[in-house]
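Since the structure comes first, as structure tokens, the remarks are kept for the end.
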Amino acid sequence: MKLLGERGVQRLLAGIAFSAISALLLIALFIIKEGLPFIIGYGPAKFLLASDWNPQLGRFGIWPMIVASVWVTLGAMLVGAPLGVACAAYLTEFVPRRVMGVVKPTIELLAGIPSVVYGFIGVMVLAPLIRSSLGGPGLSVLAGAAILGVMILPTIISISIDSIQAVPNSYREGSLALGATRWQTTYMVTIPAAKSGIIASIILGMGRAIGETMAVIMVAGNAVKIPGSPLDSVRTLTANIALEMGYATGRHREALFATGVVLLVIIMILNSLAGMAIRKRAAKR
Amino acid sequence: MRIPPKHTQRAAVLVMGLATLFTLAILVFIILFVLEKGLPVVSLKFLFTNPQDMGKSGGILPTLVGTILLTLVAVAIATPLGVGTAIYLTEYTRESRITRIIRFGADCLAGIPSIIFGLFGFIFFVTILKMGWSIMSGGLTLAFMILPTIIRTAEEAIKAVPNSYREVSFSLGATRWETVQKVVLPSALPGIVTGIMLGVGRSIGETAAVIFTAGSSLRMPASLMDSARTMSVHFYILAREGISTENAYGTAAILVITILFINLTAYSLMNRFVAKNN
């Protein structure tokens with residue numbers, strides 16, 4: 001570093017600082033370069049809205065996968081969002097700080113468990129349970145939604161806790177001084193004040209759910225069809241890519257990259273929404 | 001009829017408490033379930049012998065080596081980039097449009113699903129750069145993936161170093177880089193290591209991004225340009241293709257123990273670091 005001198009070091013660091021954004025651009029560029037020509041050539045409407053996926057016959061309609069991803073993700077939100085926000089509110093408002101100091105990192109450990117392990121638990125425990133109690137094949141929208149709902153809990157809980165903690169104490173004191181109970185304060189003052197952060201946490205959780213691959217492949221069953229009930233087997237966008245990438249060639253492979261483009265666009269939209277919610281919170285203070 | 005607020009409060013606290021308990025119960029269940037089924041399979045022999053018959057019997061030695069090498073490559077590349085970015089953001093520049101762009105890039109990168117990293121690594125490293133399915137391709141792909149984690153944790157750690165440290169160093173005549181090198185980085189080190197360890201944990205557990213970049217060869221890798229199968233990929237293949245449930249549980253147990261150990265160490269390092277700085 002001596003060789004570079006102060007100015008040199010500064011320039012080097014400035015260059016390095018662009019690594020993340022360059023990586024992002026590189027990824028977007030190559031996925032789009034591989035996928036977009038296919039979407040245009042095949043026809044965007046036919047690609048997105050046709051329901052027949054049959055690579056051998058040259059048919060590449062991903063509508064069933066889009067519907068499946070939406071179902072599984074919304075299901076995951078139904079499980080994860082209420083559970084996660086309830087957890088976060090309880091831990092910040094109703095429990096001594098010290099308990100939270102232990103419980104929060106423990107829950108964050110949930111995030112470290114590999115997605116294949118979640119998937120495996122889904123296959124070994126959850127799917128048989130669904131099969132025997134509710135019928136159907138077990139590997140289903142419901143199983144996928146339940147597993148993903150649990151997987152996004154750490155994201156939702158930890159960001160929600162941060163935003164609820166960021167609410168100034170004077171808000172709570174004002175409400176308590178007016179004679180409100182702790183719970184009334186929580187749901188009428190604290191949670192509304194932390195709303196944008198909580199929404200951001202839910203959107204980020206949604207992004208994680210829609211992008212999750214291995215767990216969903218293992219538990220959702222992977223049948224290419226539009227689900228009629230939560231007990232049906234489905235294949236999500238991510239599962240479609242991962243299942244066929246191993247052997248796909250030519251147009252088939254291009255179609256999988258095109259699926260990747262769709263996924264990337266959805267994720268980018270969700271991330272921008274979450275970013276907007278977070279900035280709104282920052283602007284308010 | 002009006003329910004007294006005291007009662008609603010009691011009901012709400014009960015519901016939220018149960019939700020929290022349920023979340024913790026799931027965590028405990030997952031860990032205990034995997035350990036209970038997997039630990040009986042795990043032994044030194046399981047760890048250090050080659051798999052037989054596609055993994056139906058025998059151990060997991062090559063996947064252990066593959067996982068370690070892949071993680072090392074990822075960390076070796078992502079650490080200088082991530083820490084460098086963090087130093088630049090905190091020490092060399094003020095908040096501006098450029099820092100916002102850099103942070104935006106890191107945040108977006110953090111949100112990209114692993115399967116997209118896999119697709120990218122496959123087309124860029126494996127195909128265009130002709131590295132083939134190799135530890136190198138996989139490690140580079142993972143490096144991109146863990147970069148945001150390392151940037152964010154390193155930035156937090158560097159920000160937590162009290163300004164008085166820097167002022168003393170400057171007043172002694174040290175330059176900015178000397179201050180960074182000899183004062184800021186040493187005191188931010190535990191925080192930086194936390195970020196790296198979280199990255200290691202993610203690398204070990206990753207499957208979708210690895211399977212299309214490092215491949216799934218079960219042979220012992222001889223160089224970084226060889227294909228390798230990581231423990232996660234091995235576990236996925238054993239479980240999904242129904243090769244051996246028993247060995248799948250064994251591999252899962254090792255995965256979970258390793259990752260929990262790494263993440264726990266990372267958190268406790270961070271806690272000690274935060275306690276010291278307050």
Side-chain angles (χ1 to χ4, degrees), chain A residues 1 6 9-10 13-14 16-21 23-24 26-27 30-31 34 83 86-87 89-91 94 103 105-107 109-110 112-118 120-121 123 125 150 153 157 181-184 204 207 211-214 218 238 241-242 245 257 260 263-264 267-268 270-271 275, chain B residues 5-6 8-9 12-13 15-17 19-20 22-24 26-27 30 33-34 81 84-85 87-89 92 101-102 105-109 111-117 119-120 122-124 144 147-148 151 175-177 201 205 207-208 212 232 235-236 239-240 248 252 255-256 259-260 263 267:
Chain A
M1 290 296 182
E6 281 293 315
V9 170
Q10 177 158 5
L13 287 173
I16 285 176
F18 281 93
S19 56
I21 184 95
L24 180 72
L26 208 61
I27 290 170
F30 275 95
I31 301 287
E34 292 294 313
L83 209 54
C87 256
Y90 184 68
L91 288 174
F94 293 93
V103 176
T106 312
I107 288 175
L109 280 184
L110 258 177
I113 297 174
S115 52
V116 275
V117 172
Y118 280 102
F120 193 50
I121 301 263
V123 173
V125 182
V150 172
L153 278 175
I157 293 175
T181 62
R182 198 151 262 288
W183 163 244
Q184 284 171 327
L204 287 175
E212 176 49 47
T213 312
M214 299 327 263
M218 293 171 90
T238 49
I241 301 174
M245 198 55 209
F257 273 91
L263 194 61
L264 197 63
I267 294 287
M268 282 302 179
L270 287 178
N271 278 354
Chain B
K6 272 252 148 76
T8 12
Q9 160 142 323
V13 168
V15 169
M16 289 188 296
T20 311
F22 181 66
T23 305
L24 288 171
I26 293 173
L27 176 69
I30 291 177
F33 182 80
V34 169
L81 294 179
T85 306
I87 294 173
Y88 183 75
L89 285 175
Y92 280 87
I101 292 176
I102 293 170
D107 286 347
C108 279
L109 200 61
I112 294 206
S114 53
I115 183 74
I116 298 281
F117 281 100
L119 278 182
F120 164 73
F122 174 74
I123 204 72
F124 189 66
F144 276 22
L147 186 57
I151 294 178
T175 62
R176 190 162 282 275
W177 175 243
T207 312
F212 299 122
S232 299
F235 166 61
Y236 171 70
R240 179 146 174 79
L255 265 177
V256 167
I259 291 173
L260 286 186
N263 286 2
Y267 281 122

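Chain letters run A, B, ... following the sequence lines, proteins first, then strands; residues in each count from 1. Only this structure's heavy atoms are used, side chains among them; waters, hydrogens and symmetry mates stay out.
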- Task: Can you see which heavy atom on A20(A) is nearest to which on L109(B), and at what distance?
- Result: O-CD2, 3.9 Å

- Note on the structure: Most contact-rich option vs chain B, by heavy-atom pairs under 4.5 angstrom, among G112(A), P114(A), A17(A), G207(A), is A17(A)

- Interchain contact, V256(B) with chain A, by part (heavy-atom threshold 4.5 Å): side chain

- Item | Atom group of Y92(B) that falls short of 4.5 Å from chain A, counting heavy atoms | both

- Note on the structure: Given D107(B), L255(B), T175(B), the one with more heavy-atom pairs under 4.5 angstrom with chain A than any other is T175(B)

- Is there a donor-acceptor pair under 3.5 Å between the side chain of Q9(B) and the backbone N or O of T181(A)? no

- What heavy-atom pair brings I115(B) and A242(A) nearest, and what distance separates the two atoms? CD1-CB, 3.7 Å

- Message: For I267(A) versus G111(B), what's the shortest heavy-atom pair and its separation?
- Response: CG2-O, 3.5 Å

- Do M16(B) and W183(A) come within less than 4.5 Å of each other through their side chains, counting heavy atoms only? yes

- Query: E34(A), Q184(A), M268(A): which one forms the most heavy-atom pairs within less than 4.5 Å of chain B?
  - Reply: E34(A)

- Message: Looking at chain B, which one of L26(A), I157(A), V150(A) has the largest number of heavy-atom pairs inside 4.5 Å, strictly under?
- Response: L26(A)

- Task: Check each atom of L153(A) against the heavy atoms of chain B and say whether the ones under 4.5 Å are side chain, backbone, both or neither.
- Result: side chain

- Message: I want to check something: taking the side chain as every heavy atom from C-beta on, are L263(A) and I116(B) in contact at a cut-off of under 4.5 Å?
- Response: yes

- Query: Would you say Y267(B) and L109(A) make side-chain contact, with heavy atoms under 4.5 Å?
  - Reply: yes

- Show the numbers, then the answer: is there a side-chain contact (heavy atoms from CB on, under 4.5 Å) between Y236(B) and M218(A)? CA-CA 9 Å; Y236(B) 171 70; M218(A) 293 171 90; 3.9 Å; yes

- Just give me the residue among P148(B), G205(B), G201(B), S114(B) that pairs up with chain A most often, heavy atom to heavy atom, under 4.5 Å. G205(B)

- Among the options L204(A), L270(A), I21(A), pick out the one with the most heavy-atom pairs lying under 4.5 Å from chain B. I21(A)

- Item | side-chain contact (heavy atoms from CB on, under 4.5 Å) evaluation trace for L13(A) with W177(B) | CA-CA 11 Å; L13(A) 287 173; W177(B) 175 243; 4.2 Å; yes

- Message: Can you confirm whether L110(A) sits close enough to T23(B) that some side-chain heavy atom of one is under 4.5 Å from a side-chain heavy atom of the other?
- Response: yes

- In this structure, CZ of F120(B) is separated from CZ of F30(A) (nearest 0.5 Å) by 6.5 Å

- Pick one of side chain, backbone, both or neither for I259(B), based on which atoms fall under 4.5 Å of a heavy atom in chain A. side chain

- Message: Is I30(B) close to chain A through its backbone or its side chain, or both, or neither, when contacts mean heavy atoms under 4.5 Å?
- Response: both

- Query: Where does L119(B) contact chain A at under 4.5 Å (heavy atoms): side chain, backbone, both or neither?
  - Reply: both

- Task: Assess whether side-chain contact (heavy atoms from CB on, under 4.5 Å) is satisfied between F120(A) and R240(B), documenting all intermediate values.
- Result: CA-CA 9 Å; F120(A) 193 50; R240(B) 179 146 174 79; over 6 Å; no

- Message: Quick check on the interface: out of L24(B), I87(B), I151(B), who has the most heavy-atom pairs with chain A under 4.5 Å?
- Response: L24(B)

- Is there a side-chain contact between Y88(B) and I16(A) (heavy atoms, below 4.5 Å)? no

- Is there side-chain contact between T85(B) and F18(A), with heavy atoms separated by less than 4.5 Å? no

- Query: Taking atom CG of N263(B) and atom CD1 of I113(A), what is their separation to the nearest 0.5 Å?
  - Reply: 9.5 Å

- Query: What part of L147(B) lies closer than 4.5 angstrom to a heavy atom of chain A: side chain, backbone, both or neither?
  - Reply: side chain

- Task: Using a cut-off of 6.0 Å, state whether more than 12 heavy atoms not belonging to F22(B) lie near its atom CZ.
- Result: no

- Are P113(B) and T213(A) side-chain neighbours, meaning at least one heavy-atom pair lies under 4.5 Å? no

- Note on the structure: Okay, P5(B) and chain A: the region with an atom under 4.5 Å from a heavy atom over there is both

- Task: Among the options I241(A), I27(A), V117(A), V123(A), pick out the one with the most heavy-atom pairs lying under 4.5 Å from chain B.
- Result: I27(A)

- Message: So, using side-chain hydrogen bond (donor to acceptor under 3.5 Å, both in side chains) as the criterion, who are the partners of R176(B) when residues are at least two apart?
- Response: none

